[in-house]
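Worksheet: the structure to be examined is printed underneath.
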Amino acid sequence: MNRVLLSISLLACMLAASCRSVQPPAPYGACPSPQQTAWQRMEMNMFCHFGPNTFSGKEWGDGTEPDSLFNPSDLDCDQWAAVAKEAGMGGIIITAKHHDGFCLWPTNQSPHSVAGSPWRNGQGDVLRELDEACRRAGIGMGVYISPWDRNHPAYGTPQYNTVFANTLREVHQSYGPLFEQWLDGANGEGPSGKKQQYDWALFHSTVFDINPRVVFFSDVGPGCRWVGNEEGRAGETCWSTLDTEGFTPGAGAPSPDTLSRGNRGGERWVAAEADVSLRPGWFYHDNEKPKSVQELLRIYYASVGRNALLLLNVPPDQRGHIAEGDSIRLMEFRAALDSIFATDLAQGARVSASNRRGKAFQPKHVLDSSYHTYWAVDDSVLTPVLTLTFSRTRRFNRVMLQEYIPLGQRVSAFHIDYQAADGSWHRLAQATTIGYKRLLLTPTVEARAVRLHIDASLAPPVINRIALYNDTLYEP
Ligand code: FUL
């Protein structure tokens, strides 16, 4: 009898142990909210700078522009949405109000808006048209609303904070749900010659009350952060975590270098967003030309390929169209990405690893395209090795890696070796962070096997994906 009891309890212990061993790794440090993960998975969004500057040729209106200046001859938001969608963008962020204070919707919070313009006889509403167009196209919509207002009579007084909070409320109540709220830290003088003391806490709580899922952009989040430059370039090391305590958007922000790199083990999840314009200016100017496909690919590798989201500005023209040359360039860019990333040369490899956590977290999950499966290791393992072995050699020059970020960002150093056709091993690449996505540009090699060595990690690594590509289009 005792023996039977003993065997049953032994069996129970073994079962319990094996169940324990298949628990997912515990989250590490600051982790993204589900909406921050969903935001990062959008990878590329389109920015649209549109407003009085489109008609005046300026980049920063001074707030004295008459409402009558705004008069697009053929506004077509369905065309913007179609271009964005075809280019592979997850959504469009529009400058609902830039520093000149002109509102692209008929607002109750300012006398300076489309309501005073001849466009659609003062009955038009750009945000409404864009909202409906994005919905029809199945993409998201976000808004840039500048707190700096060079027109509003209350700017520079405490009352303006209430006006601005009401402006945010009005927009989030009337449109959307909007996936992102862009808050620029720019803080200059208004019509009274005074600067505003912004009440960020009020602005955040006003929007969160209506739209708790919104991702707030600013220099310090709380949803996502400015990458520290307007060239679409994240740091080679790029943590999605940031120490925000004591910092504010604008003049009180961390240094541009810190913004591009983040903070290792930082206290909050505030991933980088790299904003850059397709053209030299943010607004449309007739005499400017879009960037080349080579430049766009360089930007893609330096933003999406370094754990940032790319926000690419494509400014509509005076008709209210995305200009032909711009949309053609975007389609060429899309075609280049589709061709570069069409064939994952890691597929079909035999995958083995120095450690695995249990059946549910096998190494082979690095090859599947399901986002929620990954390779994980035992809690005590920080520097595992994973090997891909091919039955025939593979030729490639790009390595794509992804950590499973819902559990946090962990890897802080890794290198990759490959085995040449003659059996000898060579170093291929060495880098620091991975994060949501890392794309490594390597020399073109012919490999029998590829080995990922995690050299340092803040917690046991959780690797979502490895892919190999052969890029014959981009010349670094
Ligand atoms: C900046 C603004 O001053 C620029 O005009 C532009 O809107 C850029 C995206 O943000 O702070």
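In listed order, ligands and their atoms are each counted from 1. Note that these values count all heavy atoms, side chains included, but never hydrogens, waters or copies made by symmetry.
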Between Arg225 (side chain only) and Val270 (backbone N and O only), is there a donor and an acceptor less than 3.5 Å apart? yes
Would you tell me which option among Glu59, Lys58, His98 has the nearest heavy-atom contact to atom 5 (O) of ligand 1? His98
When you look at CD of Glu189, are more than 12 heavy atoms from neighbouring residues, nucleotides or ligands closer to it than 6.0 Å? yes
Give a yes or no on this: more than 12 heavy atoms of other residues, nucleotides or ligands lie within 6.0 Å of atom CZ of Arg334. yes
At a non-hydrogen distance cut-off of under 4.0 Å, which region of Thr95 contacts ligand 1 (side chain, backbone, both, or neither)? neither
Atom indices of ligand 1 within 4.0 angstrom of [X] heavy atoms, with elements:
X      : value
Asp275 : 9 (C)
His49  : 6 (C), 7 (O), 9 (C)
Phe47  : 9 (C)
Tyr144 : 2 (C), 7 (O)
Trp60  : 2 (C), 3 (O), 4 (C), 5 (O)
Glu230 : 1 (C), 8 (C), 10 (O)

Protein heavy-atom partner closest to atom 3 (O) of ligand 1 - residue, atom, separation in Å: His99 NE2, 2.8 Å
Looking at atom 10 (O) of ligand 1, what's its closest protein heavy atom, distance included? Asp184 OD2, 3.0 Å
Pair His49, Thr95: side-chain N/O donor-acceptor within cut-off below 3.5 Å: no
